[in-house]
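Side chains included, hydrogens not; waters and symmetry mates left out as well; all remaining heavy atoms used. These numbers come from a predicted model, not from an experiment. First the proteins, then the strands, lettered A, B, ... as listed; each starts at 1.
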Protein chains: 2
Amino acid sequence: MTDLNSLLSPFFLNDKEIRKVIELLFFSYRDFTSGPDKILEKLNFGRAHHRIIYFVGKKNNITIKDLLLVLQITKQSLSRVLNQLVNEKFIIVSTGIDKRTKKLSLTEKGKKLENQLSTIQIDKIKRVINKYSEENINGFKEILYDMIETDNKKIFQQIND
Amino acid sequence: MTDLNSLLSPFFLNDKEIRKVIELLFFSYRDFTSGPDKILEKLNFGRAHHRIIYFVGKKNNITIKDLLLVLQITKQSLSRVLNQLVNEKFIIVSTGIDKRTKKLSLTEKGKKLENQLSTIQIDKIKRVINKYSEENINGFKEILYDMIETDNKKIFQQIND
DNA sequence: TAATTAAGTCAATATGACTGACCTAAATAG
DNA sequence: CTATTTAGGTCAGTCATATTGACTTAATTA
């Protein structure tokens, strides 16, 4: 079955080549997160803290509800990590017009950390994609985008509106 | 600073666009692993089990040492998960020519699960990249490859020798 | 023979996630 | 204006994945 598919599929679409893509995703994603991880470790923070800082930085005054929508974790999970960030003054909380809601934003300290973490990843991506054509880079982004599930595509669009 | 960079950089290289790439990687990777996760959950397994099954399937008769090299976790971490897979007969262990080493391979039961899990991810990738040119797909793979750290590039090559 | 290597184990700990139950306060719908 | 829904919080218990550190055994190699 696999043999027949290999014969019928173009080289870049046979199972063996597709498996390489699985591995490339695994290896590249791991190395992509390892840079920030080292800085976070010194602050006794983890990847969860990074994600919160990233998305609060991205969407200033984001509510808890919307942050949960992006992160797709439970509020109990968010709670511990977010409270640490608030207690240590990386994030500041204010009340929304709808007084049930809370708005999260980065403090100066938080912005500084956000910048430090993002710079590592931004520089890495820049270094890599510099070598490629606009055509290739757009293809890269489009393929990644297509790999996102429909509902999450909407969330991606929302945070980039 | 960022403003100036934005003006000087081509559109696809400015920080705002690079941040989208960060998000695309986050969202796509999460959705990429979510399919197998659902199947693993029924077996009371996690992503760690998946990775072991994947790489043992990829490199038949891999030793513990080499598996640790690929996974980059401690042997104590590997131990618990691997023992579960061995106890539940997804993986079989034999002794190497060097009698200090152990060789891991998938049982029929293990191959079946490996296939079930990989098929989800292979099909997803196929569905997505079908729409793209060979040029774009090769670009996609090359960019991912370039994002891997030097030492890990070697490991990627080793498992694909 | 001594040193190194491969593998395993015991113990303690951290992080990030979960479910379930329950609460308060504010907004909104009937 | 009451009833319901929504946003957020909290307590308790659990699980999965990972860590460090210390130590052991057996086999290989220098």
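You'll find that the side chain of T101(A) is closest to dG8(D), out of dG8(D), dT10(D), dC18(C). The side chain of R80(A) approaches dG16(C) more closely than any other nucleotide in the set dT9(C), dA18(D), dG16(C). Of the listed nucleotides (dG8(D), dA17(C), dT19(D)), dG8(D) has the atom at the smallest distance from the side chain of T63(A). Set against dC18(C), dA18(D), dG9(D), the side chain of K102(A) has dG9(D) as its closest nucleotide.
We find the CD1-CD1 distance between I125(A) and I137(A) to be 11.0 Å, quoted to the nearest 0.5 Å.
Neither OP1 nor OP2 of dA16(D) sits under 4.0 Å from any side-chain N or O of H49(B).
Two residues are said to be in side-chain contact when any heavy atoms from C-beta on lie closer than 4.5 Å; K59(A) and V70(A) fail this criterion.
Atom-to-atom, CD of Q84(B) to C1' of dA18(D) comes out at 14 Å; the value is rounded to the nearest Å. For the pair L68(B) CG and dA18(D) C1', the interatomic distance rounds to 13 Å; values are reported in whole Å. A straight line from CD1 of I73(B) to P of dA14(C) spans 20 Å, rounded to a whole angstrom. Atom-to-atom, CD of E41(A) to C1' of dG16(C) comes out at 15 Å; the value is rounded to the nearest Å. When rounded to the nearest whole Å, the span between CZ of R47(B) and P of dC18(C) equals 11 Å.
Salt bridge annotation for E23(B)-R30(B): absent, with no cationic side-chain nitrogen under 4.0 angstrom from a carboxylate oxygen.
Around the CD atom of Q157(A), the shell of radius 6.0 Å holds more than 12 heavy atoms that belong to other residues, nucleotides or ligands.
Identified under the ring-ring contact (aromatic ring centres under 6.0 Å, His included) test for residues 77-135 of chain A, with sequence neighbours left out: F45(A)-F90(A).
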Protein heavy-atom contacts under 4.0 Å, written 5' to 3' over nucleotides 20-30 of chain C as B (base), S (sugar-phosphate only) or - (none), form the string BB----BS---

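In this structure, K124(B) forms no cation-pi arrangement with F32(B), as its terminal cationic atom is not both closer than 6.0 Å to the ring centre and no more than 45° off the ring axis.
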